[in-house]
Amino acid sequence: MNQVITHPPGSLELISGDFKGKDILSLDQFSAADLYRVFALAREMKELVLASQPSQLLAGQLVALLFYEPSSRTFGSFAAAVKRLGGQTLDIQNPEVVSSVWKGESFEDTISVFGAYTQAIVLRHPLPGAAQRAAEVANVPVINAGDGNNEHPTQTLLDLFTIYEQFGRLDHLKGLLAGDPLNSRTLHSLIRGLALFEGNTVYLLSPEALRLTRDDLLALRSRGIEIVEIHSEREIPTDCHFWYWTRIQKERLSSLDEYQQLAAASFQVTPALLAERANREMILMDPLPRVGTIDPAVDSDERAVYLRSQIRNGLYTRMALLALILGKA
Ligand code: CP
């Protein structure tokens, strides 16, 4: 299956320095300058949170968190982000069960309804393109919180912010992206983001069946990012700046058998692998949940940021993004 690497011309509104009222559907809407704007504000949000400083920036704002798929981090950090800034959330998890979707209400009608009550909709959905469809019918901004195996743009904001905070730049970096390039929406958005900066190289390590499609590989390479597919841990360059490990996306596969075969062929970070192929300055990232990706014995390594800064940066970047979209910053 081809991923949604390109969009129909004109179907995505570029940020172009102005976030107010915009939908956030894809990394393709961002320029490098737009990302730096989010990061600058995320740093302010970080200071605010670390100082336990109350904020009323989003006072009077109500944001719908409409999640058709389970989530810990994205749901939790968006909810925390709104509340930290003095706003409120309308939480709808599993709308198939707890809303009139259960009675057969269409997706479009559900979006229109929650758009009528709120100032923005944060949407997670199992179907690629669902966020774009929601944006077509909603009268408020829609933020894509992950649409099937397509994209997860706000995850990339926090991932790039984490890398930027560590290295002070987003260009001329080498990254190892392991796990499930075919189905991982976090990887699809991250590669797009890294392609906005000069001189970046990523190495993709996965079982053969989970490689990017050839069309997508070529489309992404045409953006100027160097993408090298590797086949074993022995090929991991020892000078990578970051490793980014993703789980096999069980929910995108057709059977448990298929998942078990792929899981058996997948790669895992262990203390031994770190000792053999990683340098002292790199960071180890994982969008989580951690399912077969990283041995917990690695957690105490100072390079492991997945349960530390990477998690916390999800809060700061989402606070920044909400403030910008709602016209409060
Ligand atoms: N990284 C991420 O999207 O995690 P959740 O599925 O828990 O939101």
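Any value given below was found using the heavy atoms of this structure, including those in side chains, with hydrogens, waters and symmetry copies removed. One-based numbering, in listed order, for ligands and for the atoms of each.
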Participant: Suppose we measure from atom 7 (O) of ligand 1 to each protein heavy atom; which comes out shortest, and what is that distance?
Facilitator: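 Here the nearest protein heavy atom works out to S72 N, 2.7 Å.
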Participant: Take D299 and R290 through the test salt bridge (charged side-chain N to carboxylate O under 4.0 Å, His left out) and record every step on the way to the result.
Facilitator: CA-CA 11 Å; D299 293 358; R290 168 175 30 189; 2.7 Å; yes
Participant: Atom 6 (O) of ligand 1: which protein heavy atom is closest, and how many Å away?
Facilitator: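 For atom 6 (O) of ligand 1, the nearest protein heavy atom comes out as R124 NH1, 2.8 Å.
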Participant: Can an N or O of F75 be found at a distance shorter than 3.5 Å from an N or O of ligand 1?
Facilitator: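 No, there is no polar N/O contact under 3.5 Å.
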Participant: Considering only non-hydrogen protein atoms, determine which one is nearest to atom 1 (N) of ligand 1 and report residue, atom name and distance to 0.1 Å.
Facilitator: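 For atom 1 (N) of ligand 1, the nearest protein heavy atom is P287 O, 2.8 Å.
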Participant: Looking at E96, I'd like to know if its CD atom is crowded, meaning that more than 12 non-hydrogen atoms belonging to other residues, nucleotides or ligands lie closer than 6.0 Å.
Facilitator: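 Yes.
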Participant: Give me the nearest non-hydrogen protein atom to atom 4 (O) of ligand 1 as residue plus atom name, then the distance to 0.1 Å.
Facilitator: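 Among all protein heavy atoms, the one nearest atom 4 (O) of ligand 1 is R73 NE, 3.0 Å.
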Participant: Any nitrogen or oxygen of P289 lying under 3.5 Å from a nitrogen or oxygen in ligand 1? Just yes or no.
Facilitator: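 Min N/O separation from ligand 1 is not below 3.5 Å for P289.
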Participant: Would you sort out whether R223 and D28 count as a salt bridge (charged side-chain N to carboxylate O under 4.0 Å, His left out), showing the intermediate values?
Facilitator: CA-CA 11 Å; R223 295 167 180 235; D28 288 343; 2.8 Å; yes
Participant: Taking 4.0 angstrom as the limit, do E165 and R312 come out as a salt bridge?
Facilitator: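 Between R312 and E165 there is no salt bridge, as every charged N stays at least 4.0 Å from the carboxylate O atoms.
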Participant: By number and element, which atoms of ligand 1 are closer than 4.0 Å to a non-hydrogen atom of L288?
Facilitator: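 So the atoms of ligand 1 that pass are 1 (N), 2 (C), 4 (O).
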Participant: List the steps, then state whether salt bridge (charged side-chain N to carboxylate O under 4.0 Å, His left out) holds for R214 with E229.
Facilitator: CA-CA 11 Å; R214 296 306 90 182; E229 293 188 312; 3.0 Å; yes
Participant: Under 4.0 Å between a Lys/Arg side-chain N and an Asp/Glu carboxylate O for E302 and R280?
Facilitator: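 Salt bridge flag = yes for R280 with E302.
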Participant: Does E69 have a non-hydrogen atom less than 4.0 Å from ligand 1?
Facilitator: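 Distance cut 4.0 Å: E69 fails for ligand 1.
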